[in-house]
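Below you'll find the structure, written out as structure tokens, and then a few comments.
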Protein chains: 2
Amino acid sequence: MTDDHDAPPVSPEAAVRPDELVAAAHEDGVDAAAAAARRVIDALLLAGDHTDADLTGVAKQLHALADHLQERAPAREERMVTMWRGTGITRHDPVTGPENALAPPLTLTGRDDGSVHGVVTLGLAYQGPPRCAHGGVAALLLDHTLGVANHWAGLSGMTAELTLRYHRPTPLFEPLTVTGRQLSVDGMKIRTTGTISAGGRDCVTAQGLFIAKHLPRPS
Amino acid sequence: MTDDHDAPPVSPEAAVRPDELVAAAHEDGVDAAAAAARRVIDALLLAGDHTDADLTGVAKQLHALADHLQERAPAREERMVTMWRGTGITRHDPVTGPENALAPPLTLTGRDDGSVHGVVTLGLAYQGPPRCAHGGVAALLLDHTLGVANHWAGLSGMTAELTLRYHRPTPLFEPLTVTGRQLSVDGMKIRTTGTISAGGRDCVTAQGLFIAKHLPRPS
């Protein structure tokens with residue numbers, strides 16, 4: 001997918017436990033603050049300007065919180081190293097990351113049949129058509145899920161090509177089942193498929209081609 | 001793309017001004033609060049748990065702000081109507097929406113040659129590989145941009161199929177150029193293409209098939 005980086009040898013990844021495919025959220029620390037930030041994002045969309053809430057005051061308090069956090073945060077390059085320390089899963093991604101308020105977050109579990117599986121309910125922040133998930137949000141969830149399915153299968157990589165087919169609208173506000181499964185490995189090429197379904201019916205299916213290499217982690 | 005909804009007749013959409021393809025952000029009200037929430041999301045990721053910031057206090061204050069907003073917000077179905085009032089652009093989507101803290105937000109402008117064009121810099125919340133945008137985030141930006149390109153061309157619809165090709169990593173922290181252009185209309189079928197580039201080189205390209213119908217707006 002890129003001619004800029006050397007490819008590491010193709011070797012299976014260390015075995016992972018089925019419940020360790022994504023980071024578990026902690027009940028305190030930054031995970032708890034990110035969970036609270038998700039509530040703010042949703043409540044802002046629910047309120048809009050059709051509210052007698054003190055939006056000016058809310059903005060001022062949010063800026064004060066951002067200032068408080070920024071003033072005590074490490075420099076970005078320093079943080080990049082801690083963020084990517086080790087070889088396992090990360091905590092910051094915009095799909096499963098408990099530290100990232102953009103992430104619903106989606107939790108995925110590995111199954112004995114080689115697939116990964118999760119259930120998520122999307123709220124207002126993920127809306128495209130009325131009462132439905134944005135098509136690009138479905139793409140975001142599936143791209144990530146295919147990557148996790150590759151990790152579960154033992155060899156993952158970077159997305160080279162991703163094709164999404166939208167069969168019916170993906171509803172907000174009700175449980176969606178998200179699945180992924182590695183189909184084949186041919187040298188460096190990995191083929192993977194996945195689905196978002198609601199009420200037992202497929203809403204979006206994805207086919208991905210991944211190349212078995214990764215950018216180096218900052219150190 | 002769906003067999004659940006009647007298709008409206010295929011007719012060109014009302015002409016839009018090139019600078020009215022996405023909602024302009026207001027400097028007050030919910031847009032200002034969403035902009036402040038974006039700073040909080042980013043600062044939480046920068047801080048992580050590697051900080052002496054009072055994360056418990058931050059979480060408590062965020063919950064209090066969410067409570068304040070929720071208590072004064074309309075009911076969801078009522079809000080859905082105001083959110084979708086009128087026929088033009090919306091303000092809530094997760095790509096360009098000034099009311100949505102998930103949106104970078106991306107601003108797009110129409111050009112005389114039929115394309116739409118925008119520049120955006122993505123921060124930590126959009127990270128996939130180290131220092132690069134998540135492949136699914138690129139898909140989200142492009143799906144939306146192709147939709148706006150269709151609107152600019154005069155006939156838009158819902159995504160039926162989207163193919164993304166990842167040519168090289170999409171960097172965070174530097175300006176990305178996002179473009180879209182409608183290629184053809186054949187009955188209800190609309191074909192559209194788009195690109196994310198950095199420093200003049202294509203990072204991700206997209207091909208989309210859209211069907212010229214829309215879900216009804218809540219009323």
Side-chain angles (χ1 to χ4, degrees), chain A residues 1-2 4 29-30 32-34 36-37 39-41 43-53 55 58-59 61-63 65-66 68-70 72-74 79 82 84 92 94 99-102 125 129-130 134-136 139-140 143-144 159-166 168-169 215 217-218, chain B residues 1-2 4 29-30 32-34 36-37 39-41 43-53 55 58-59 61-63 65-66 68-70 72-74 79 82 84 92 94 99-102 125 129-130 134-136 139-140 143-144 159-166 168-169 215 217-218:
Chain A
M1 75 133 278
T2 161
D4 294 349
V30 68
R39 285 192 62 218
V40 172
I41 296 166
L44 284 170
L45 283 163
L46 189 63
D49 281 315
H50 307 264
T51 176
D52 58 2
L55 290 168
V58 169
Q61 288 183 69
L62 289 170
H63 279 300
L65 291 172
H68 173 81
L69 290 162
Q70 275 183 354
R72 287 157 186 82
R79 175 64 177 127
T82 61
W84 286 99
H92 64 257
E99 297 183 357
N100 191 335
L102 264 58
H134 194 289
L140 170 60
D143 177 55
H144 197 84
T159 319
E161 193 170 312
L162 183 69
T163 297
L164 293 310
R165 292 187 178 82
Y166 297 84
R168 54 179 54 80
L215 297 186
R217 292 191 175 206
Chain B
M1 77 130 276
T2 162
D4 295 349
V30 68
R39 283 193 62 217
V40 172
I41 296 165
L44 284 170
L45 283 163
L46 189 63
D49 281 315
H50 306 264
T51 175
D52 58 1
L55 290 168
V58 168
Q61 288 183 67
L62 289 170
H63 278 301
L65 291 172
H68 173 82
L69 290 162
Q70 276 184 352
R72 288 156 186 82
R79 174 65 177 126
T82 61
W84 287 100
H92 63 259
E99 298 183 357
N100 191 335
L102 265 58
H134 193 289
L140 170 60
D143 177 55
H144 197 85
T159 319
E161 193 171 312
L162 183 70
T163 298
L164 292 311
R165 290 186 180 85
Y166 297 84
R168 55 178 54 79
L215 297 186
R217 292 192 175 205

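We name chains A, B, ... by the order of the sequence lines, and we start the count at 1 in each one.
- Most heavy-atom pairs under 4.5 Å with chain B: of the set A/A139, A/P94, A/A34, this distinction falls to A/P94.
- Across every non-hydrogen atom of A/V30 and B/D49, the tightest pair is N-OD1, 2.9 Å.
- Distance alone, capped at 3.5 Å, places no donor-acceptor pair between the A/T159 side chain and the A/E161 backbone.
- Each of A/L162, A/T163, A/L164 was scored for a side chain to side chain contact (heavy atoms under 4.5 Å, CB included) with B/T163, with one residue passing: A/T163.
- Heavy-atom pairs under 4.5 Å with chain B peak, among A/P218, A/G29, A/A125, at A/A125.
- Contact count against chain B (heavy-atom pairs under 4.5 Å) is highest for A/L102 among A/V40, A/L102, A/I41.
- Of the listed residues A/R217, A/R72, A/H144, the one with more heavy-atom pairs under 4.5 angstrom with chain B than any other is A/R72.
- Here A/G136 is the residue among A/A73, A/P129, A/G136, A/A59 with the most heavy-atom pairs under 4.5 Å with chain B.
- In this structure, CD on A/E99 lies 9.0 Å from NE2 on A/H92, to the nearest 0.5 angstrom.
- Of all the listed residues (B/A32, B/A37, B/A101, B/P74), the one sharing the greatest number of non-hydrogen pairs under 4.5 Å with chain A is B/P74.
- Scanning both residues, A/L44 and B/A33, for their nearest heavy atoms gives CD2-CB, 3.6 Å.
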